[in-house]
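As a basis for the values below, the full set of heavy atoms in this structure was taken, side chains included, without hydrogen atoms, waters or symmetry mates. Positions are given from 1, in the same order as the sequence printed here.
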Amino acid sequence: MALTALDLGLRGAVVGLFLVVCAVLLLRYTTVHRAAGLGAAMGVTGAAYAISTAPFFPTWSFGWASPLVALGMISPVIFWLWARTLFDEHFTPRPWHAAICALVAGLGVVSYNGWTNWPALAMECGRLLALSSIGFALLAIAQLPKGWRKAVTTGRGRLLVALVIGISTQIFLSAGAGLAGIPTRSTSLTVALGLAAFALISIWMMLFDPPESQPAIAGAGAGSGGAARTSDAFIRTGPTAADRASLYRLQHLMTTERAYRQEGLTIGLLAARLGMPEYRLRTLINDGLGHRNFNAFLNRYRLDEAKAALADLDQAEVPVLTIALDAGFQSLAPFNRAFKADTGLTPTEFRRRAAAGQDLDGEPEIADSN
């Protein structure tokens, strides 16, 4: 009885966590890269699965429980579509994918709720449901070769790969137990623990950005100069046509639309606006443009705009703080530090020298107080 109580408690927590995942994806990634929408759908179907497979859940007849069963049983299909959008940037969900979801949902409802009236049909639908779940898990795993080499170069990418493998493994085990006729009560707690782990990893990935991977490229780093710096490795291998198109879109977004000014801009949000996986955008920024991380890339554009404004005589009366905020910095202190590291001058000294037509290469000096 204690194990059952623990199982039910875990599932309640899982439902709450999955709904948080859904809310964060919808609220934080509203520019909506399709992976965000499918991730939210995974949160909903994951919560429904946790409820519909819980001990004492009424599965003996059709009724109010059927929609929850239908949602829970299509989670392997949604998982496959989510994995495909992560590792295949050219993939777009089609109407026939919705038809597949409807078919699997029907199998799930009959296999769970049809025992009273059609036990033989319910058993066959259960077998088909288990086999299809294994098939969709295999399809999800099959997406990894399309992008895992780039994905594992970042902390977040490694977590995504681990998440795909972990969820696929749990689907294999759950479906295999069903095919082997193992009672669900003997595996229920294990399923609840797995769901809790996946939910916690998803929350951590969305709310806390893992440390940026440092590119193994000689000379890739910060410093003064233009926003686009190409690494030696990228020059040797040469960008693909897809890379060139993506870099062009990225340049347009940063220089024309000035996306770097957006408050709270993260690499995930920028990847969503570009419609590409986050790990691929990291690779373009690190290997293609030679920046050591996303913050260095972002600050390059912000500092270039701030320097242009400080050197503009028409803006001589505009406060330094206003220029910093307009360029995308959240406060004066990080702006001063980044500006001094980039130019060797404080913003005020830079403005003074620009107004006097002096050399703008400075030496370290006392931090600016404006």
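- Thr266 places a side-chain N or O within 3.5 Å of a backbone atom of Leu269 that can act as its donor or acceptor partner.
- Here the closest non-hydrogen pair linking Ser188 and Thr53 is OG-O, 4.1 Å.
- Side chain of Gln330 to backbone of Gly328: a donor-acceptor contact under 3.5 angstrom is found.
- Taking every heavy atom of both residues into account, Ala142 and Pro145 meet most closely at O-CD, 3.2 Å.
- Atoms OH and CG, from Tyr248 and Leu250 in turn, are 12.5 Å apart once rounded to the nearest 0.5 Å.
- With respect to Arg352 and Glu349, a salt bridge is recorded, a charged nitrogen being found less than 4.0 Å from a carboxylate O.
- Linking Ile, Leu, Val, Met, Phe, Trp and Tyr residues whenever their side-chain heavy atoms come within less than 4.5 Å leaves Leu6 and Leu200 in two separate clusters.
- Residue Leu38 is grouped with residue Phe198 when hydrophobic side chains (ILVMFWY) are merged at heavy-atom distances under 4.5 angstrom, including chains of intermediate members.
- Residues Leu345 and Arg353 have side chains in contact (heavy-atom distance under 4.5 Å, counting atoms from C-beta outward).
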#### Entry: From CA spacing to verdict: side-chain contact (heavy atoms from CB on, under 4.5 Å), Val320, Phe335
CA-CA 10 Å; Val320 172; Phe335 170 65; 3.7 Å; yes
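- Under the 4.5 Å side-chain criterion, counting only non-hydrogen atoms from C-beta, Leu193 is in contact with Leu10.
- Looking only at side-chain heavy atoms (C-beta outward), Tyr112 and Ser66 stay at 4.5 Å or farther from each other.
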### Task
Test side-chain contact (heavy atoms from CB on, under 4.5 Å) on Trp82 and Leu163 and set out the steps.
CA-CA 12 Å; Trp82 173 75; Leu163 200 58; 4.0 Å; yes
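- Summarising the geometry, atom OG1 belonging to Thr92 is positioned 9.5 Å from atom CZ belonging to Arg84; distances are rounded to the nearest 0.5 Å.
- Checking each of Leu173, Ile167, Thr169 against Ile171 for a side-chain contact (heavy atoms from CB on, under 4.5 Å) leaves exactly one that passes, namely Ile167.
- Separation of atoms CE (Met254) and CD (Glu305) is listed at 10.5 Å; rounding is to 0.5 Å.
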### Message
Evaluate Trp80 against His97 for side-chain contact (heavy atoms from CB on, under 4.5 Å), listing each step before the verdict.
### Response
CA-CA 11 Å; Trp80 161 56; His97 292 125; 3.8 Å; yes
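- Using a 4.5 Å heavy-atom cutoff, the side chains of Arg292 and Phe297 are not in contact.
- Residues Leu8 and Leu3 fall into different hydrophobic clusters, defined by Ile, Leu, Val, Met, Phe, Trp and Tyr side chains chained together at heavy-atom separations under 4.5 Å.
- Atom CZ of residue Arg351 and atom CG of residue Asp312 lie 9.5 Å apart, to the nearest 0.5 angstrom.
- Note: Tyr260 OH to Tyr301 OH = 9.0 Å, rounded to the nearest 0.5 Å.
- Residues Ile78 and Ser75 form no side-chain contact, since every pair of their non-hydrogen atoms from C-beta on lies 4.5 Å or further apart.
- Using a 4.5 Å heavy-atom threshold, the side chains of Leu274 and Ser246 count as separate.
- The closest side-chain heavy-atom distance from Ile165 to Leu144 is below 4.5 Å.
- Minimum heavy-atom separation, Asp7 to Leu189: OD2-N, 3.6 Å.
- Looking only at distances, no side-chain donor or acceptor of Asn299 sits under 3.5 Å from a matching main-chain atom of Arg302.
- Between Val77 and Cys101, the shortest heavy-atom contact is CG1-SG, 3.7 Å.
- Considering every non-hydrogen atom in both Ile134 and Phe172, the closest pair reads O-CE2, 3.7 Å.
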### Task
Go through Phe339 and Leu303 one step at a time and tell me if the side-chain contact (heavy atoms from CB on, under 4.5 Å) criterion holds.
CA-CA 7 Å; Phe339 197 93; Leu303 289 170; 4.0 Å; yes
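- Leu139 and Leu107 fall within the same hydrophobic cluster, where Ile, Leu, Val, Met, Phe, Trp and Tyr residues are linked whenever their side-chain heavy atoms come under 4.5 Å apart, directly or through other members.
- Counting only distance, with no hydrogens or angles, the side chain of Thr45 and the backbone of Met42 share a donor-acceptor pair below 3.5 Å.
- For the pair Gln170 and Gly194, the tightest heavy-atom approach, listed with the atom from each and the gap, is OE1-CA, 3.2 Å.
- We find the OG-CG distance between Ser133 and Leu138 to be 11.0 Å, quoted to the nearest 0.5 Å.
- Linking Ile, Leu, Val, Met, Phe, Trp and Tyr whenever their side-chain heavy atoms come within less than 4.5 Å leaves Leu71 and Leu103 in two separate clusters.
- Between Trp96 and Ile100, the closest side-chain pair of non-hydrogen atoms falls below 4.5 Å.
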